[in-house]
Every structure is written in structure tokens, then in C-alpha cells.
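Just below is one structure, and these are the notes that go with it.
Residue numbers start at 1 and run along the sequence shown. Predicted model only: the values in this text are computed from it and were never measured.
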Amino acid sequence: MNQIADRLRQRRRALKMTQDRLCGRLSDVTDGRWIADRQEIFRIEAGGRIVSDVELVALAHALECTPCWLLLGDTEALVKEGI
């Protein structure tokens, strides 16, 4: 259902970030516009929830990677410059 599930989980774990911590980061990077809960992150990582384009950008920012990497797994685009 979504293409980013495995890479999202992989990146979150590489950063040693819990699902709860990712929720907090999402709130921070969206100035409180996306208040995710752990169940929502679980559904995304399980592939059972579609992620909008705006959410993709927020997830990439919170996970310190590019939207391109989350979508395609492009290793050259893994880490954003300046973060």
C-alpha cells in the first residue's frame, strides 16, 4: 500500500529512534500540525497506511534523509546536506 514502509523503519532504527520519539520529531518539524501517535507510525511501517506527499516530506525531515531515499532507496540521496 505504501512504498516507504521498510525504509522508514530501517532509517528510524539506524538512528536508534523509537516510534514515540519519531512522533515527537514529526510534531517538531511540522510546528505541531502533525501530531502522530505510535499506532499511526506502526501502520505506516507495516504498509497499511498511505502517506501523503506532505507527510513524506515531514518524515524525511524528521529522519534526516531525503524524500527520494524514502521513496526509492537511492543511497546517494540518503542523507540531506546540512542536517
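Closest approach of E45 to A5, counting heavy atoms only: O-CB, 3.2 Å. Considering every non-hydrogen atom in both R25 and E64, the closest pair reads NH2-OE2, 3.3 Å. Here the closest non-hydrogen pair linking R12 and L63 is CA-CD2, 3.9 Å. The heavy-atom pair separating P67 from A60 by the smallest distance is N-CB, 3.5 Å. Listed here is the closest heavy atom pair of Q19 and F42: NE2-CA, 3.8 Å. Between R21 and T18 the shortest heavy-atom distance is N-OG1, 2.9 Å.
Distance check, rounded to the nearest 0.5 Å: OG of S27 to CG of L22 gives 11.0 Å. Note that the CD atom of Q10 and the CG atom of L70 stand 10.0 Å from one another [nearest 0.5 Å]. Between the NE2 atom in H61 and the CG atom in L56 there is a gap of 13.5 Å [rounded to 0.5 Å]. Distance check, rounded to the nearest 0.5 Å: CG of L71 to CD1 of I4 gives 7.0 Å.
Applying the salt bridge (charged side-chain N to carboxylate O under 4.0 Å, His left out) test to every pair with at least one member in residues 31-40, sequence neighbours left out, gives these pairs: D20-R38, E40-R49.
In the hydrophobic cluster analysis, where Ile, Leu, Val, Met, Phe, Trp and Tyr join through side-chain heavy atoms closer than 4.5 angstrom, I41 is grouped apart from I35. Residues W69 and V29 fall into different hydrophobic clusters, defined by Ile, Leu, Val, Met, Phe, Trp and Tyr side chains chained together at heavy-atom separations under 4.5 Å.
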Item to complete: Decide side-chain contact (heavy atoms from CB on, under 4.5 Å) for L59 and W34; before the verdict, give the C-alpha distance in whole Å, the side-chain angles of both, and the deciding distance to 0.1 Å.
Response: CA-CA 10 Å; L59 284 164; W34 185 9; 4.0 Å; yes

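Applying the side chain to side chain donor-acceptor pair (under 3.5 Å) criterion to R7, with sequence neighbours excluded, gives no partner residue.
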